[in-house]
Amino acid sequence: MIHHSFGFYGIAFFGVILLRYFLAAGGTYFFFYSPFSQALIHPQKPDQSPSWRLIRHDIKLSVFSAGVFALAAAFILSGYSWGITCLYSHAQQYGLWYLGVSYAVVLVLQDAYFYFTHRLFHHPLLFRWLHQGHHRSRYPTPWTSFAFDPLEAIVQSLFLVGIVFVIPLHFITLIAILITMTVWAVVNHLGIDRLPLSFPHHWLGRWVIGPAHHSIHHLKYTVHYGLYFTFWDKLLGTQDPNYEQKMGDRSD
Ligand SMILES: [Zn+2]
Ligand SMILES: [Zn+2]
């Protein structure tokens with residue numbers, strides 16, 4: 001592997017992370033929010049039309065987040081070139097099974113990290129500084145998926161910086177985790193009324209978080225803090241009691 005300077009990594013990753021955001025959030029937005037696809041997917045008119053003012057705000061915060069995550073990525077790759085991370089590049093080193101297991105372990109850990117830091121961000125003393133920006137959109141759109149206040153972006157990116165020093169991860173596993181993060185964040189912010197009614201919210205929504213679950217958090221701050229799985233919300237009593245009931249109703 002060719003090694004570059006911290007500055008080179010930072011600038012290159014800023015471009016890659018930003019491009020990823022515009023492709024994933026923009027592509028999903030134009031697909032699910034265009035009048036044509038809405039008429040096809042969902043003949044009833046959605047309840048809320050997004051405002052361009054809020055979308056511009058979400059994009060602005062996401063550009064800052066891209067800067068923070070680019071610094072984190074530059075730090076990780078510089079760390080790798082100094083030989084101080086647990087990242088590895090030979091897939092056979094820990095066995096092929098380990099690629100899948102380490103992927104699953106990191107998602108479970110990240111979900112826990114997200115749940116507890118997210119609950120903390122909602123503390124009245126911290127909310128203004130760390131999390132208000134993300135909640136500007138009461139009805140989130142895919143553009144909200146990466147809209148974090150800079151301090152929140154630092155906390156989120158620190159998970160990735162930390163994990164590469166603790167758990168051996170192949171580069172492919174790390175990339176798979178980053179893709180999962182991106183796709184899941186975009187899906188969680190799709191908005192409740194953008195998917196076809198036949199979408200299997202009712203059984204899928206019991207275990208994994210999706211737009212139906214996370215849309216409720218943007219309306220009601222006291223519930224639904226999880227990222228990937230409903231586990232922590234269920235265990236610690238922060239799941240909206242009407243949520244599973246509503247899921248059932250939607251599938252009727
Ligand atoms: Zn929140
Ligand atoms: Zn959100």
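Because only heavy atoms are used, hydrogens play no part in the values below, and waters and symmetry mates are left out as well, while side chains stay in. No experiment lies behind these values; they were computed from the predicted model shown. For ligands, and for the atoms within them, numbers begin at 1 and follow the listed sequence.
Between Asp240 and Lys220 there is a salt bridge, with a side-chain nitrogen of the basic residue lying less than 4.0 Å from a carboxylate oxygen of the acidic one.
An angle of 90° is found at the Zn ion (ligand 1) between His118 atom NE2 and His131 atom NE2, rounded to 10°.
Around the Zn ion (ligand 2), protein atoms of type N, O or S found under 2.8 Å number 4.
Considering CZ of Phe114 and CD of Gln156, their distance stands at 5.0 Å, rounded to 0.5 Å.
In this structure, the side chain of Tyr225 engages the main chain of Tyr221 through a donor-acceptor pair within 3.5 Å. In this structure a side-chain-to-backbone donor-acceptor pair under 3.5 Å is present from Ser65 to Leu61.
Residues Ile175, Ile179, Val183 make up the rest of the hydrophobic cluster containing Val187, defined by ILVMFWY side-chain heavy atoms closer than 4.5 Å, directly or through other members.
Taking the six-membered ring where the residue is Trp, Tyr9 and Phe13 present tilted rings, their angle falling between 30° and 60°.
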